[in-house]
Novice: 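Below is a structure I'd like to ask you about.
Values below: every heavy atom of this structure, side chains too, minus hydrogens, waters and symmetry copies. Only a predicted model underlies this, so the values are computations on that prediction, with no experimental measurement involved.
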Amino acid sequence: MKLIGISGSLRRASFNTALLRYAAGLLPEGVELDVQTLHGIPLYDGDIETSAGIPASVETLKNLIINADGLILCTPEYNNSIPGVFKNAIDWLSRPPARISPVFNGKPVAILGATPGQYGTMLGQNAWLPVLRAVGAKPWYGGRLMVAKAEASFGASGAITDEALKRQLSQFVHGFVEFIRPPSGK
C-alpha cells in the first residue's frame with residue numbers, strides 16, 4: 001500500500017513535516033508513506049492555467065496522489081483555518097475540473113496537524129471538511145490527531161520527544177491503514 005502525506009507548512013523546521021516523517025516509520029509492513037511539501041507550487045492564477053497549462057510541480061504532485069491508495073494532510077492552523085498555501089495547492093490540484101475525479105474522487109484522506117498554539121489544529125482540520133466534500137474525497141473520521149504546543153513535543157532536531165504523541169501517531173496511522181484496507185475477516 002502506498003500513501004502520500006502532504007505537509008501544509010513551508011517552514012524549514014515544520015512540525016507538520018516532522019510529524020509526517022515520523023509517521024512514515026510507524027506504518028505496518030508493506031505500507032509506505034511518501035512525504036511531500038508544497039514547495040514549488042505557484043499561486044493559482046487562471047490566466048496562467050489558460051496560457052501555460054498546469055505547472056509541472058502541480059502535475060507531479062497530482063500524479064503522486066492519483067497513484068496513492070490514500071492521502072494524509074498534515075495541516076497547521078493559521079487564524080483558525082486552513083493555511084493559504086495548502087488551500088492554494090488543492091485549488092491547483094483540482095484543475096481542470098474534468099480531471100479532478102482521478103485525483104480526489106473516493107480517495108481516502110486522513111487529516112492531522114501540529115501547531116505551537118494551545119488548542120491544536122481542530123478548527124483548521126474542521127475547515128478541511130467542506131473542501132474534501134467539494135473535491136469528492138473520502139475523509140476518514142475514525143481518528144483525530146491535533147498536536148497543541150508542538151514545540152514541547154519535538155526536540156531541536158525535529159524528532160518527536162513526547163512518548164504519548166508517538167503512541168497516538170502510531171494508532172492514527174494504523175487506524176487509517178485499516179480504513180483503507182480493513183483486516184481480513186471484516
Novice: Have N126 and R144 got a donor and an acceptor in their side chains that come within less than 3.5 Å?
Specialist: yes
Novice: Has the side chain of E77 got a donor or acceptor atom that lies under 3.5 Å from a matching backbone atom of L123?
Specialist: yes
Novice: Please check: side-chain N/O of S51 versus main-chain N/O of D47, any donor-acceptor pairing under 3.5 Å?
Specialist: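 A pair under 3.5 Å: yes.
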Novice: Please find the pair of heavy atoms, one from G158 and one from A18, that lie closest to each other, and give the distance.
Specialist: O-CB, 3.3 Å
Novice: Do Y78 and S9 have side chains that approach each other closer than 4.5 Å (heavy atoms only, starting at C-beta)?
Specialist: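 Side chain of Y78 against side chain of S9, heavy atoms only: contact under 4.5 Å found.
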Novice: State, without any angle test, whether E49 and Y44 hold a side-chain donor-acceptor pair at a distance under 3.5 Å.
Specialist: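 Yes - a donor-acceptor pair under 3.5 Å links their side chains.
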Novice: Below 4.5 Å, heavy atoms only, C-beta onward: do I72 and L3 meet side chain to side chain?
Specialist: yes
Novice: For the pair H174 (side chain) and L27 (backbone), establish whether a donor and an acceptor sit closer than 3.5 Å, ignoring hydrogens and angles.
Specialist: no
Novice: For F172 and W140, take the angle between the two ring planes, folded into 0 to 90°, and tell me which bin it lands in: parallel under 30, tilted 30 to 60, perpendicular over 60.
Specialist: perpendicular
Novice: Applying side-chain contact (heavy atoms from CB on, under 4.5 Å) to Y141 and F179, what does each step give before you reach the verdict?
Specialist: CA-CA 9 Å; Y141 298 108; F179 173 70; over 6 Å; no
Novice: Between atom CG of L64 and atom CD of E59, what is the distance when rounded to the nearest 0.5 Å?
Specialist: 11.0 Å
Novice: Ignoring hydrogens and angles, tell me if any N or O in the side chain of N16 forms a donor-acceptor pair with the backbone of A114 under 3.5 Å.
Specialist: yes
Novice: Report yes or no: do I111 and V103 belong to one cluster of Ile/Leu/Val/Met/Phe/Trp/Tyr joined by side chain heavy-atom distances under 4.5 Å?
Specialist: yes
Novice: Can you check whether L38 reaches I6 side chain to side chain, under 4.5 Å on heavy atoms?
Specialist: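 The answer is yes; the side chains approach within 4.5 Å.
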Novice: Calculate, to the nearest 0.5 Å, the distance between atoms NZ and CD1 belonging to K107 and I66 respectively.
Specialist: 7.5 Å
Novice: Please check if the side chain of N80 supplies one atom and the backbone of G124 the other of a donor-acceptor pair under 3.5 Å.
Specialist: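 Side chain of N80 to backbone of G124, a donor-acceptor pair under 3.5 Å: no, none is there.
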Novice: Could you tell me if the side chain of S7 sits less than 4.5 Å from the side chain of L73, heavy atoms only?
Specialist: no
Novice: Working to the nearest 0.5 angstrom, can you tell me the gap between I160 CD1 and R167 CZ?
Specialist: 12.0 Å
Novice: Do L71 and L145 share a hydrophobic cluster (ILVMFWY, side-chain heavy atoms under 4.5 Å, transitive)?
Specialist: no
Novice: How many angstroms lie between CD1 in I4 and CG in L61, if you round to the nearest 0.5 Å?
Specialist: 5.0 Å
Novice: Could you tell me whether a side-chain N or O of D69 sits under 3.5 Å from a main-chain N or O of M1, the two making a donor and an acceptor?
Specialist: no
Novice: Return the NZ to OG distance between K62 and S94, rounded to the nearest 0.5 Å.
Specialist: 8.0 Å
Novice: Would you say the side chain of V31 lies within less than 4.5 Å of the side chain of V173, judging by non-hydrogen atoms?
Specialist: no
Novice: Please round to the nearest 0.5 Å and tell me the distance separating atom CG of L169 and atom OG of S153.
Specialist: 11.0 Å
Novice: With the threshold set at 4.0 Å, does a side-chain nitrogen-carboxylate oxygen contact exist between K87 and D91?
Specialist: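 Salt bridge between K87 and D91, a charged N being under 4.0 Å from a carboxylate O: yes.
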Novice: When you measure from the centre of the six-membered ring of F15, is the NZ or CZ of R11 closer than 6.0 Å and no more than 45° off the axis?
Specialist: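 Judged by the rule (NZ or CZ under 6.0 Å from the ring centre, within 45° of its axis), R11 counts as positioned above F15.
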Novice: For atom NZ of K166, is the number of surrounding heavy atoms from other residues, nucleotides or ligands below 6.0 Å larger than 12?
Specialist: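 Yes, NZ of K166 has more than 12 neighbouring heavy atoms, counting only those of other groups under 6.0 Å.
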Novice: For P42 and V58, which heavy atoms make the closest approach, and how far apart are they?
Specialist: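 That closest heavy-atom pairing would be CD-CG2, 4.4 Å.
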Novice: Is L43 close to W92 at the side-chain level, that is, under 4.5 Å between some pair of heavy atoms?
Specialist: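 With C-beta onward as the side chain, the pair stays apart.
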Novice: Near R95 CZ, under 6.0 Å, is it more than 12 heavy atoms from other residues, nucleotides or ligands?
Specialist: yes
Novice: Would you say L132 and F86 are hydrophobically clustered, going by side-chain heavy atoms of ILVMFWY under 4.5 Å?
Specialist: yes
Novice: Would V85 and L10 satisfy side-chain contact (heavy atoms from CB on, under 4.5 Å), going step by step from the backbone distance to the final call?
Specialist: CA-CA 8 Å; V85 68; L10 297 175; 3.8 Å; yes
Novice: Would W128 and V109 count as a side-chain contact (heavy atoms from CB on, under 4.5 Å) here? Give the steps.
Specialist: CA-CA 10 Å; W128 273 108; V109 178; over 6 Å; no
Novice: Out of curiosity, does V35 fall in the hydrophobic cluster containing I41 (side-chain heavy atoms, cut-off under 4.5 Å, transitive links)?
Specialist: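 In one cluster: no.
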Novice: Please confirm whether the backbone N or O of N63 pairs with a side-chain atom of N67, one donor and one acceptor, at under 3.5 Å?
Specialist: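 Yes, N67 side chain to N63 backbone: donor-acceptor pair under 3.5 Å.
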Novice: Is L112 reachable from V177 through a run of hydrophobic residues whose side-chain heavy atoms are each under 4.5 Å from the next?
Specialist: yes
Novice: Kindly give the heavy-atom pair with the smallest separation between S14 and T17, and that separation in Å.
Specialist: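 Taking every non-hydrogen atom into account, OG-N, 3.0 Å.
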Novice: Taking the side chain as every heavy atom from C-beta outward, state whether T75 and Q125 have any atom pair closer than 4.5 Å.
Specialist: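 Answer yes - side chains close enough.
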Novice: Quick one, P76 and T115 - any side-chain contact, counting heavy atoms below 4.5 Å?
Specialist: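 Heavy-atom side-chain distance check fails, nothing below 4.5 Å.
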